[in-house]
There are 2 protein chains.
Amino acid sequence: MLRINRETDYGIVILSAMARSPGERFNPSRLAAAHGLPQPMASKVMKQLVRAGLLCSYRGAKGGYGLVRDPGEITVAEIIEALEGPIAFTECVEDGTGSCNHVDGCTAGAIWSRVSSVVQRALDGVSLAEMARPAEFPVTVYPVQVQWATDGGCAGPVSADPAKLKLIDR
Amino acid sequence: MLRINRETDYGIVILSAMARSPGERFNPSRLAAAHGLPQPMASKVMKQLVRAGLLCSYRGAKGGYGLVRDPGEITVAEIIEALEGPIAFTECVEDGTGSCNHVDGCTAGAIWSRVSSVVQRALDGVSLAEMARPAEFPVTVYPVQVQWATDGGCAGPVSADPAKLKLIDR
DNA sequence: CCCAATCCGTACCCGATTGGTACACATTGC
DNA sequence: GCAATGTGTACCAATCGGGTACGGATTGGG
């Protein structure tokens, strides 16, 4: 085991697809159809990704979802955390106390948090861009050709840090 | 999420306790009582650990379970694999095909297997001895004071590799 | 030789989580 | 105003994790 769950898996697939045509708007139904995954699941996942600040949503006709940041700036760690909460092997690690509330004489806490942080770093080191086109990596810079949605189109309820938005103009 | 399950957690606790008095025999009931975990669970876990070759069992009166190898030679990775199967974030990684059977255009396989192997290595780097006494590490050699059960006491159905048994004599 | 202590295997149960669905509502473009 | 879209909530079914029960096999000791 030690699996990521299906929702997260779908999330990666969806975001990868979006990363391959960044700047475009996508709607869940078409994405689901294109990649053979259940349509309501796609909706569910994308909604969650909006809440996490990785996607922004445009409502109404001709609406859809768009990436908030450069795929090269989004890490797999972020995606996993967005879809299944903090990366922690055990509860002790997650609640941060480091000591075990349940079992007498459990000395594992220190080690688990060490292991968790290794995993964290591993996942931090992989970008969405890499996920989307593994064959093209390693590559210094991901070749983005569009302007990012810093123009207010996504300024509303989305809590993305504007400082992190990268504007690429050519 | 991304949790190890409770059974594995119990397994670590039990093995850690055993590692603190290596060479002794332990029975599930007493271990369970000592560490506040459900007795039948302890049995279940220890049985699985026998099947995985990490423990050996002695039947009958005065029976019990014993460690097969030096706690310093047992890795956390082994324990996790014994109790919850191969370490793989996704099915694709586990079945080894590297490509996704379920979703069209899923390019993540290569990355997942890379991430999984990082985790694998992290877990390979932690020994049971370290788990049992984190405060005493880093230390060059774990101070084992007993002779290991290479004397046939555990020779029967246990499939431990004798080449890996370390004999310490003082 | 029998009994008690212990391991072993199997089968079962329950509740939580996961994966998936449905539907009414809000928002926007045309 | 209508159609196309996202939003929120609620729900359902299946699976799985955690936990239990029990009868049998094996061994040591009296």
Side-chain angles (χ1 to χ4, degrees), chain A residues 1-11 13-14 18 24-33 36-52 54-66 68 80 83-85 89-91 102-103 152-154 156-158, chain B residues 1-14 18 24-33 36-52 54-66 68 80 83-85 90-91 102-103 152-154 156-158:
Chain A
M1 291 295 171
L2 214 65
R3 294 274 165 76
I4 58 170
N5 64 28
R6 201 111 107 203
E7 222 165 282
T8 308
D9 213 343
Y10 290 165
V13 171
I14 290 170
M18 295 179 73
E24 258 181 46
R25 288 188 188 178
F26 294 85
N27 70 55
S29 348
R30 267 197 292 272
L31 272 175
L37 32 94
Q39 185 269 321
M41 275 288 105
S43 280
K44 208 173 176 177
V45 168
M46 295 175 89
K47 255 182 291 184
Q48 261 183 276
L49 291 171
V50 170
R51 252 172 271 152
L54 293 176
L55 294 183
C56 56
S57 68
Y58 308 87
R59 307 185 68 157
K62 299 265 173 187
Y65 292 93
V68 171
I80 293 182
L83 291 172
E84 48 187 318
F89 273 39
T90 57
E91 281 182 55
H102 308 300
V103 177
C154 202
V158 177
Chain B
M1 290 293 173
L2 215 62
R3 293 273 165 78
I4 58 170
N5 64 27
R6 201 114 105 201
E7 217 165 290
T8 307
D9 213 344
Y10 291 166
I12 301 275
V13 171
I14 289 171
M18 295 179 74
E24 258 181 47
R25 288 188 187 177
F26 295 85
N27 69 56
S29 347
R30 265 197 293 274
L31 272 175
L37 33 94
Q39 186 269 321
M41 274 290 105
S43 280
K44 206 172 178 178
V45 168
M46 294 175 89
K47 254 181 294 184
Q48 262 183 278
L49 291 172
V50 170
R51 250 172 275 152
L54 293 175
L55 294 183
C56 56
S57 69
Y58 307 88
R59 308 184 69 158
K62 299 264 172 187
Y65 292 93
V68 172
I80 292 183
L83 292 172
E84 48 186 317
T90 57
E91 280 181 57
H102 308 299
V103 177
C154 203
V158 178

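Chain naming here is simple, since letters A, B, ... match the order of the sequence lines and numbering starts at 1 in each.
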ask   = Does the pair B/L83 and B/L49 meet the rule for a side-chain contact (heavy atoms from CB on, under 4.5 Å), with working shown?
value = CA-CA 7 Å; B/L83 292 172; B/L49 291 172; 4.0 Å; yes
Distances under 3.5 Å only, N/O to N/O: pair up the protein atoms with those of nucleotides 2-6 of chain D.
from	atom 1	to	atom 2	distance (Å)
D/dA4	N3	A/A61	N	3.3

message = Nearest 0.5 Å, please: how far is CD in A/E7 from CG in A/L37?
response = 12.0 Å
query = Just how far is it from atom CZ of A/F89 to atom CD1 of B/I12, taken to the nearest 0.5 Å?
reply = 10.5 Å
request  = Would you mind classifying the nucleic acid contact of B/P40 as base, sugar-phosphate or nothing, using non-hydrogen atoms under 4.0 angstrom?
outcome  = base
task = Can you tell me the distance, in whole Å, between the CG atom of A/L49 and the C1' atom of D/dT7?
result = 15 Å
task = Would you mind reading off the distance between B/Q39 atom CD and C/dC8 atom C1', rounded to a whole angstrom?
result = 13 Å
Distance in angstrom units between A/M46 CE and D/dG8 P, rounded = 15 Å
message = Using five base pairs at each end to define the local axes, how bent is the helix from C/dC1-D/dG30 to C/dC30-D/dG1, to the nearest 10°?
response = 10°
Nearest-Å distance for atom pair OH/C1', residues A/Y10 and C/dT18 = 11 Å
inquiry  = To the closest 0.5 Å, what do you measure between CD (B/E84) and CG (B/N5)?
reply    = 4.5 Å
key: Closest contact, heavy atoms only, A/M46 versus A/M18   = CE-SD, 3.9 Å
request  = State, to 0.1 Å, how close B/V50 and B/S57 come at their nearest heavy-atom pair, and which atoms those are.
outcome  = CG2-CB, 4.1 Å
inquiry  = Without decimals, in angstroms, what is the distance between B/Q48 CD and C/dC7 C1'?
reply    = 15 Å
query = C/dC12 C1' sits how many Å from B/M41 CE, rounded?
reply = 13 Å
inquiry  = Between P on D/dT20 and NZ on B/K44, what's the gap in Å once rounded to a whole number?
reply    = 10 Å
query = C/dT21 C1' sits how many Å from A/E7 CD, rounded?
reply = 13 Å
message = Can you see if the side chain of B/R25 gets near the phosphate of C/dT6 - specifically, an N or O under 4.0 Å from OP1 or OP2?
response = no
message = Nearest 0.5 Å, please: how far is CD1 in A/I4 from CG in A/D9?
response = 4.5 Å
key: A/P38: partners by side chain to side chain contact (heavy atoms under 4.5 Å, CB included), with sequence neighbours left out   = A/Y10, A/P40, A/M41
key: Nearest heavy atoms of A/P28 and A/A42, plus distance in Å   = O-CB, 3.9 Å
